[in-house]
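Residue numbering restarts at 1 for every chain, and letters A, B, ... go by the order of the sequence lines.
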Amino acid sequence: MIRGRHGVPPGHVCALVEARVLHRAQFTTRGVPTLAAGTETVASVPAVELRPVLSSQAVLSPSHVGVVLLFGALFLVASYMPLAASGVWADVVAGRAMLSQAALPQADVVQPLAAGMVYLPTTWLAQVTIAAVEQFGGTEWLLNLRALLVFASLVLWARVLFVLTKSKGLMVLGCLLIFAAWWPRIAVLGPEAFGSLCLAGLVWLLVELQVWSPQGTSTTLDRRVWIGVPLLVALWANLDATFPLALILLACVAVDRASRTAAVGGFKAVLADRGFHGRVWLLELSLLATLLHPLGWRLWSESLTWSGNPLWISTGGFFPLMMWSFAGALVAGVWLTVALAWRGSRLEISTGEILLLVAVSLAVAANARLLGWMIPVGVLLVGPHLADRLRRGRSESQTSRKPTAEPDREPKPLEFIWSLVCLLLVWIVFALAPVSTPVLGGKPRSVEQLYDGKTPLAAAAALSELPANALVWAPADLGDYLAFHGQRGVFAGSRLAALPDQALLDYRRIGRGEHTERLLDRYRVEAVVADPDRNDALIQALRQKPEAWTPVLRDPASVVFVRSEVLARQEVRK
Amino acid sequence: MTRKPRSRGSVLNRPLGFLATQVVALGILAGVLIAASREVEPHAALPEVRTQPLMVAPLYDWPWVVSDEQLERTLATLRPRLRGPRPKINYVDHALRMWGQEVTFDEADCLSGPEMKAVLTDHRRFAAVWGDEPPLLIRKDTGVQVRSIEGQASASHVDHTLATLAEIGVPLDEHLRLPDGEATVRELLQASLLDFRLNQVEYEWTALAAALYAPSPRGWLSREGQHISFDLLADRIMRQRYGQGVCYGNHRLYTLAALLQVHDHAPILSADSRAAILAHLEEATARLVSTQDWEGWWDANWFDGHELPSEQTFDDRARRILATGHALEWWAIAPRDVLPPRDVIIRAAQWLVSEIDAHSPAELERNYTFLTHAGRALALWRLRNPYNPTVKFSQSAS
């Protein structure tokens with residue numbers, strides 16, 4: 001917007017500056033040509049000075065364009081990634097049940113065989129949110145929700161890394177690593193996506209408000225910390241079962257402060273340190289905040305159990321990390337990188353940082369699905385040390401160079417061209433992303449774009465006429481969608497760990513084609529959806545019983561058998 | 001005089017104040033954790049039990065089903081001629097269930113009720129007849145277990161012996177003698193309940209024993225962490241198809257009928273569950289009515305009447321005795337709503353009487369376990385205790 005009365009020569013960006021009349025007929029602001037005073041042209045024009053409306057912070061550079069481009073690309077990738085078959089559909093079913101009954105469910109709504117097992121809807125808020133989004137916009141909006149969650153988490157991590165490293169390069173590198181770590185599970189939408197956002201949010205609060213930082217922290221905690229952190233932890237406790245990680249992180253922050261203080265002044269100094277006191281109170285306040293949950297105390301009391309721990313089950317149960325797998329290599333890589341970064345760092349390495357690394361490593365060792373947490377924490381621990389090394393290297397190289405006399409240059413003008421390019425990129429990304437469809441219009445995505453190849457769409461359609469109370473056996477990762485589509489119970493879904501041991505054992509035996517007929521009879525399974533890649537023996541076993549099992553579908557993703565008796569009954573009804 | 005400026009920090013920020021508050025906070029936290037840990041298992045590991053088990057009693061005295069004379073003759077045929085070395089444990093088990101713990105016989109080759117019970121509950125007596133066989137009663141961390149499905153010196157079904165003890169009225173405080181010392185029936189029940197898994201192969205007798213010894217709606221918590229209620233047990237029993245399970249699925253129907261009867265004395269079922277059981281038994285009856293042979297018997301295909309595979313474990317007579325005797329047995333304890341027309345029962349009972357009469361001693365020996373169900377069923381339809389046909393069941397139960 002030009003507020004001056006005079007035009008600006010073309011080719012100069014001056015939209016975000018204002019012009020003022022000067023006493024002399026001369027433009028003094030850089031970027032606007034200074035015309036020779038006294039010439040005829042300007043003699044009759046009052047002098048103006050252009051001053052920016054926006055601060056210099058709004059002046060972006062080509063590197064910012066690169067960052068925006070990268071983040072835009074990541075957002076588009078996350079937006080266009082089809083939804084994984086596993087996970088989300090069980091949450092939609094549970095969320096729908098909560099929305100329709102306006103109460104927390106008392107039992108697993110997907111796995112009837114888990115009846116009688118402890119069932120705590122610890123992630124109720126995420127499930128209700130997911131179900132509400134699904135009711136609002138179907139699968140299309142589930143994908144949008146997932147993309148927004150991933151993107152928001154990534155932006156928060158970017159901010160954290162930038163605050164800690166003051167380096168755009170390290171920030172980008174860290175974010176790429178984090179995105180890569182999320183990649184195997186990026187197609188999955190579930191409470192874990194909310195938990196991931198909460199972790200990023202908590203770390204951002206702690207870093208931004210100087211509660212935790214390897215470079216030093218504030219003694220007095222900001223009021224925003226006292227309000228923001230407990231609120232976020234309360235939200236996390238209602239969204240995802242990984243919320244104990246928030247408390248572990250806060251405990252590490254307190255230990256971090258204590259260890260740094262003790263290193264200087266000993267134990268007495270720690271006791272007298274108001275900064276330490278504040279962090280301990282913050283931890284305790286956050287612990288209390290987790291009780292702001294419909295389950296209240298029960299959230300913790302049930303979590304004290306070893307077997308059937310609802311928090312553990314919500315995060316996928318026992319899924320040990322294999323060190324010779326890709327995930328194991330990644331964990332080893334994180335440890336190695338952290339060790340190398342710490343080894344050459346001038347920054348102090350505190351007990352809190354070590355504890356955080358150990359705590360997250362233990363969690364990942366017990367449940368490899370939490371790998372998505374390991375990389376961000378690793379990046380968080382490595383980033384500041386790496387930045388310090390880089391700064392050191394840079395300063396050494398500068399001192400080795402001969403100092404050259406800086407020409408007495410005038411300050412650079414504020415050029416907003418790159419800011420506008422960034423805005424344009426943001427708009428382009430928004431326009432390309434499916435999330436803009438309600439605003440800009442566009443065709444809905446095809447089925448192939450919405451669901452990943454493993455989603456048993458054809459199998460679900462083939463079972464649509466099966467009675468709702470008929471139990472279906474399918475690999476657990478396919479079970480959720482079958483339960484969602486047919487509004488029926490399945491033998492096992494993604495909450496497999498919630499099944500009683502015997503049922504879990506028998507689920508696996510059936511999958512391997514062992515004692516097939518006897519086990520399918522015992523559980524009164526009426527239909528089997530087998531994966532040709534994983535359940536070949538089962539398919540062969542059922543094929544050998546054509547009088548009992550009729551194949552109704554065979555496609556590359558699944559082979560569906562229905563009990564002949566059930567089909568006969570359906571025929572009679574027709 | 002100038003006043004020393006006061007520190008802005010409160011008492012809580014001073015070292016001692018901070019320490020004191022943390023001690024208090026930790027104390028509260030510890031207290032809450034202890035209190036919470038007591039609530040971890042809302043369902044007690046074991047239910048409330050009754051020392052004297054409930055009695056599942058027959059409900060009908062229909063002389064047209066079997067006459068007194070026919071009954072006495074049949075029961076005389078089915079006396080437990082089990083004295084001697086190595087009596088099959090499942091025979092002893094079945095005979096004890098049929099004849100009860102007080103019966104005595106004049107015949108020297110027959111085991112009395114106390115003797116049969118001793119074989120099952122006293123290792124000295126078991127060892128006397130079975131020699132070096134592994135003991136029938138085994139001590140384990142959850143209590144005492146009866147060795148099952150490991151040959152003739154073991155019980156034929158999981159918890160069959162426990163259910164037998166419950167049905168014949170053995171109290172929980174009755175002593176058991178194991179190779180390594182004494183125990184009580186209570187420990188037998190305890191191990192059975194704690195080790196129970198809802199999806200195990202045989203569950204009918206555990207459910208029956210639990211209903212008779214522990215008729216509590218609260219249920220119990222299994223080792224798998226599953227809260228086992230009688231509703232859940234009923235669902236489990238009804239889950240499988242009619243013909244599936246031991247004895248062509250008839251024990252499942254018997255246990256369901258028993259649950260209904262126990263529920264009348266001590267409510268253990270929800271209204272929905274009770275209604276579902278009644279509907280399930282009604283359908284079973286409808287199937288039985290539609291598949292009964294004109295002579296009065298049923299076969300292994302009682303639930304659908306489809307042709308049987310050519311290869312069968314038992315001969316025709318054995319299968320039919322088994323299917324027919326068991327059906328009459330569960331009907332005898334079932335509510336009137338689920339009973340078939342009277343002639344169905346009469347034809348079945350009369351066929352049983354004539355078939356038992358026609359059994360040779362060898363066949364009697366071979367089919368003895370099935371026959372005990374048939375003989376017991378006939379006695380139940382006259383409200384009689386097999387060990388004393390002249391005594392009404394209700395009198396002895398009281």
Side-chain angles (χ1 to χ4, degrees), chain A residues 107 112-119 219-220 267-278 280-281 283-285 287-288 291 296-309 313 469 471 498-507 515 518-519 521-526 547 563 565, chain B residues 7-22 24-26 28-29 32-43 195-203 219-229 231-233 235-236 238-245 249 304 306 309:
Chain A
L113 294 176
M117 300 298 284
V118 173
Y119 177 78
T219 300
T220 311
F267 182 65
K268 277 187 179 174
V270 175
L271 283 181
D273 178 22
R274 289 177 62 183
F276 173 65
H277 296 176
V280 171
W281 286 119
L283 168 65
E284 288 165 353
L285 199 61
L287 178 63
L288 281 178
L291 300 178
W297 287 113
R298 230 183 135 205
L299 182 66
W300 281 105
S301 61
E302 293 283 356
S303 306
L304 296 174
T305 53
W306 178 248
S307 63
N309 186 314
I313 285 172
N469 60 354
L471 191 69
L499 289 175
D501 295 343
Q502 179 74 50
L504 190 59
L505 182 73
D506 292 338
Y507 159 77
H515 313 296
R518 192 153 55 83
L519 291 174
D521 279 349
R522 194 193 300 170
Y523 290 92
R524 195 165 185 167
V525 173
E526 304 286 38
E547 71 288 352
R563 267 190 202 277
E565 184 188 329
Chain B
S7 162
R8 233 180 114 239
S10 67
V11 168
L12 297 182
N13 284 326
R14 292 177 193 160
L16 277 178
F18 175 73
L19 269 182
T21 50
Q22 289 312 306
V24 171
L26 283 176
I28 292 172
L29 185 66
V32 167
L33 284 178
I34 290 167
S37 64
R38 287 180 183 166
E39 291 174 16
V40 166
E41 292 175 0
H43 314 293
D195 293 337
F196 181 73
R197 285 171 296 172
L198 193 68
N199 297 300
Q200 67 189 43
V201 179
E202 294 183 345
Y203 45 83
W220 73 94
L221 198 67
S222 75
R223 266 194 163 184
E224 290 184 306
Q226 193 166 24
H227 172 228
I228 309 290
S229 66
D231 280 358
L232 204 58
L233 280 171
D235 281 347
R236 169 71 181 97
M238 292 186 284
R239 184 171 82 195
Q240 285 177 266
R241 286 183 160 66
Y242 278 101
Q244 291 170 353
D304 60 6
H306 289 172

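- No donor-acceptor pair closer than 3.5 Å links the side chain of B:Gln226 to the backbone N or O of A:Ala114.
- Heavy-atom minimum distance, A:Gly116 versus B:Leu232: CA-CD2, 4.2 Å.
- Note: B:Phe18 and A:Phe276 have perpendicular aromatic rings, judged against thresholds of 30 and 60 degrees for the angle between ring planes.
- Put simply, the side chain of B:Arg239 never gets that close to the backbone of A:Arg524: no donor and acceptor are under 3.5 Å apart.
- With chain B as the partner, the residue from A:Arg518, A:Lys268, A:Gln502, A:Glu565 showing the most heavy-atom pairs under 4.5 Å is A:Gln502.
- The minimum heavy-atom distance between A:Met117 and B:Glu224, with the atom names listed, is CE-O, 3.1 Å.
- When heavy atoms are compared at a cutoff of 4.5 Å, A:Leu287 approaches chain B solely by way of its side chain, counted from C-beta outward.
- Heavy atoms closer than 4.5 Å to chain A are found in the side chain of B:Leu29, but not in its backbone.
- Each of B:Arg241, B:Gln240, B:Arg197 has some count of heavy-atom pairs under 4.5 Å with chain A, and the biggest count is that of B:Arg241.
- The minimum heavy-atom distance linking B:Gln22 with A:Val280 is given by the pair OE1-CG1, 3.4 Å.
- Using a 4.5 Å heavy-atom cutoff, the side chains of B:Val201 and A:Arg522 are in contact.
- To the nearest 0.5 angstrom, B:Thr21 atom OG1 is 7.5 Å from A:Glu284 atom CD.
- Of all non-hydrogen atoms in B:Asn199 and A:Pro500, the two that sit nearest each other are ND2-CG, 4.4 Å.
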